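Reviewing the structure listed below.
Here, residue 1 is the first one in the sequence, and each next residue gets the next number. Here the structure is a predicted model, which is why all the values come from computation and not from measurement.
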Amino acid sequence: MKTPASLKNKVAIVGVGESDIGRVPNMTGLGLNAQAAKRALDDAGLKVSDIDGVLTAYSFTEPYFMLGSVLCEYLGVTPRFNASMVVGGCSPAIMLKHAAEAIASGQAETILVCAGENRATGQTRDATIATLMAVGHPYFEQPYGTSIPGFYAMIAQRHMHEYGTTREQLAHVAVNTRNHALLHPNAHMRTPSTLEQVLTAKPIADPLGMLDCCLISDAGGAFIVTSAERAADLKAKPVYLQGIGEFHTHEHLMCAPSLTEFGATESGRTAYRMAGLTPGDIDVAELYDCFTIVPILELEELGFCKPGEGGAFFAEGHARIGGKLPVNTHGGMLSHAHAGAAGGLFGIVEAVRQLRGGLGPRQVENAEVALVHNEGGILSSHCTLILANDKG
């Protein structure tokens with residue numbers, strides 16, 4: 001396989017921001033994006049006029065086809081590089097990859113990446129359920145009543161069958177992220193959650209209960225990417241892109257090569273190779289966690305533990321702040337926020353903040369290298385990125 005051109009140390013993230021999170025009925029999806037973008041600009045010490053590239057994702061609550069162009073119009077940006085991307089939850093990491101490539105090739109100098117929508121208050125309950133059902137092959141899956149939670153439940157069942165992963169181990173994932181969210185001042189969920197509460201929560205799709213499923217939030221997130229050279233002159237401490245890789249295995253779950261092995265192994269391999277690092281070099285990981293089974297799979301595929309050992313990794317406390325590898329230190333999509341593509345973007349925001357330091361009780365001690373993984377679809381699209389607080 002041809003090795004992709006290295007982007008190591010070519011670009012840096014110089015600003016991050018997130019909107020108000022939770023139920024924010026006074027704001028539209030565009031408003032949430034704008035609020036996050038403004039906070040990212042302020043963080044970087046930049047103005048709107050400094051932005052010459054904008055990337056965004058998609059929205060189920062805004063009625064616009066060309067969402068990227070509409071967002072530019074809304075923000076007052078006239079860029080020379082602009083697109084809206086649809087790669088599901090994988091979109092933020094892949095947008096970072098496209099931004100890095102554009103900057104490295106001279107197509108733009110400073111790119112704003114943002115995503116989010118008002119899913120909690122901008123959709124009715126019926127519309128939300130319809131969104132969850134609007135997946136699967138239109139001829140061979142949808143007619144049989146499939147849903148997003150149902151697909152991930154099948155994956156969890158298969159992992160339990162092959163490796164002996166237990167319901168309690170899944171619940172530990174939810175408790176771990178909730179404990180971290182309690183340390184984040186802007187997290188959607190601000191009340192403690194116990195193992196017993198997770199195990200006895202309303203059933204959704206066996207073995208997944210309500211607290212095994214990600215939130216539905218109003219939220220927007222943003223980050224700003226520029227060249228490593230320009231980053232040195234800006235206000236905020238830059239965080240450098242060391243490695244990034246993507247891989248895609250299927251669209252419909254019926255076509256997946258496996259229900260326990262997906263594309264994270266390949267995307268991770270590319271990112272590690274570009275960065276010149278191994279799993280043992282990672283200090284903190286922000287993993288996509290739309291359902292509790294997902295970070296277990298990602299831990300295994302990304303080389304942090306052997307196949308079948310991801311559940312025990314969480315149950316034994318290794319993913320806690322202070323553990324072997326703190327995972328989802330902001331609370332993840334299970335407890336911090338999930339609003340479309342913003343869910344994965346918040347993992348990037350948190351990784352940058354961890355590498356800058358100064359997060360108080362949420363801070364991972366001596367964090368120098370972070371890994372972020374986004375996945376889209378039903379574990380169909382994968383992008384892994386490695387960030388560091390110096391060029392290494």
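Shown here is M254, whose CE atom has more than 12 heavy atoms of other residues, nucleotides or ligands within 6.0 Å. The environment of Y64 atom OH is sparse: at most 12 non-hydrogen atoms of other residues, nucleotides or ligands sit within 6.0 angstrom. The local environment of CZ in R125 is sparse, with at most 12 non-hydrogen atoms from other residues, nucleotides or ligands closer than 6.0 Å. In R320, the CZ atom is not crowded: 12 or fewer heavy atoms of neighbouring residues, nucleotides or ligands sit closer than 6.0 Å.
In terms of hydrophobic clustering, with Ile, Leu, Val, Met, Phe, Trp and Tyr side chains grouped at heavy-atom distances under 4.5 Å, L32 and V16 are assigned to different clusters. Both I111 and V11 belong to a single network of hydrophobic side chains, linked directly or stepwise wherever heavy atoms of I, L, V, M, F, W or Y lie under 4.5 Å apart. A chain of hydrophobic side-chain contacts below 4.5 Å, direct or via other Ile, Leu, Val, Met, Phe, Trp or Tyr residues, connects I244 to I13. Under a hydrophobic clustering in which Ile, Leu, Val, Met, Phe, Trp and Tyr are joined whenever their side-chain heavy atoms come within less than 4.5 Å, directly or via other members, L325 and V294 fall into the same cluster.
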### Task
Mind running side-chain contact (heavy atoms from CB on, under 4.5 Å) on V369 and Q242 for me, showing each step along the way?
CA-CA 9 Å; V369 182; Q242 297 281 293; 5.9 Å; no
### Task
Kindly determine whether R167 and D206 satisfy salt bridge (charged side-chain N to carboxylate O under 4.0 Å, His left out), including the steps that lead there.
CA-CA 10 Å; R167 179 70 188 85; D206 189 35; over 6 Å; no
### Task
Test side-chain hydrogen bond (donor to acceptor under 3.5 Å, both in side chains) on D218 and T121 and set out the steps.
CA-CA 7 Å; D218 295 334; T121 61; 2.8 Å; yes
### Task
Report the C-alpha distance between S105 and Q107 in whole Å, list the side-chain angles of each, state the deciding distance to 0.1 Å, and finish with yes or no for side-chain hydrogen bond (donor to acceptor under 3.5 Å, both in side chains).
CA-CA 6 Å; S105 62; Q107 298 177 64; 2.8 Å; yes
### Task
Show the numbers, then the answer: is there a side-chain contact (heavy atoms from CB on, under 4.5 Å) between N389 and R356?
CA-CA 7 Å; N389 57 14; R356 288 177 172 176; over 6 Å; no
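Between the side chain of N328 and the main chain of T177, no donor-acceptor pair closer than 3.5 Å is present. With hydrogens and angles disregarded, a donor-acceptor distance shorter than 3.5 Å links the side chain of Q354 to the backbone of V364. When atom types are taken as modelled, the side chain of R178 and the backbone of S335 share no donor-acceptor pair closer than 3.5 angstrom. Proximity of a side-chain donor or acceptor of E109 to a complementary backbone N or O of T226 within less than 3.5 Å is not detected. Between the side chain of Q169 and the backbone N or O of T166, at least one donor-acceptor pair lies under 3.5 Å. In this structure, the side chain of K8 does not engage the main chain of G243 through any donor-acceptor pair within 3.5 Å. Judged by distance alone, with hydrogens and angles left aside, the side-chain atoms of E18 form no donor-acceptor pair with the main-chain N or O of G220 at under 3.5 Å. In this structure, N118 contributes its side chain and V24 its backbone to no donor-acceptor pair below 3.5 Å. Between the side chain of D289 and the main chain of G332, no donor-acceptor pair closer than 3.5 Å is present. A side-chain donor-acceptor contact under 3.5 Å links D283 to the backbone of E368.
The list of ring pair (Phe, Tyr, Trp, His ring centres under 6.0 Å) pairs with a residue in residues 360-392, not counting sequence neighbours, reads H373-H382. Under the ring pair (Phe, Tyr, Trp, His ring centres under 6.0 Å) criterion, the residue pairs touching residues 252-274 are H137-H252, with sequence neighbours excluded.
Here the closest non-hydrogen pair linking A181 and R190 is O-NH1, 2.8 Å.
Between D42 and K235 no salt bridge is recorded (no basic side-chain N to carboxylate O distance below 4.0 Å).
The NE2 atom of H338 lies 8.0 Å from the CD atom of E117; values are rounded to the nearest 0.5 Å. To the nearest 0.5 angstrom, T384 atom OG1 is 11.0 Å from E375 atom CD. Put simply, NE2 on H250 and OG on S380 are 4.5 Å apart, with the number rounded to the nearest 0.5 Å. Atoms CD and NZ, on Q35 and K38 in that order, are 10.0 Å from each other to the nearest 0.5 Å.
Counted by atom type alone, E350 and H180 present zero donor-acceptor pairs between their side chains at under 3.5 Å.
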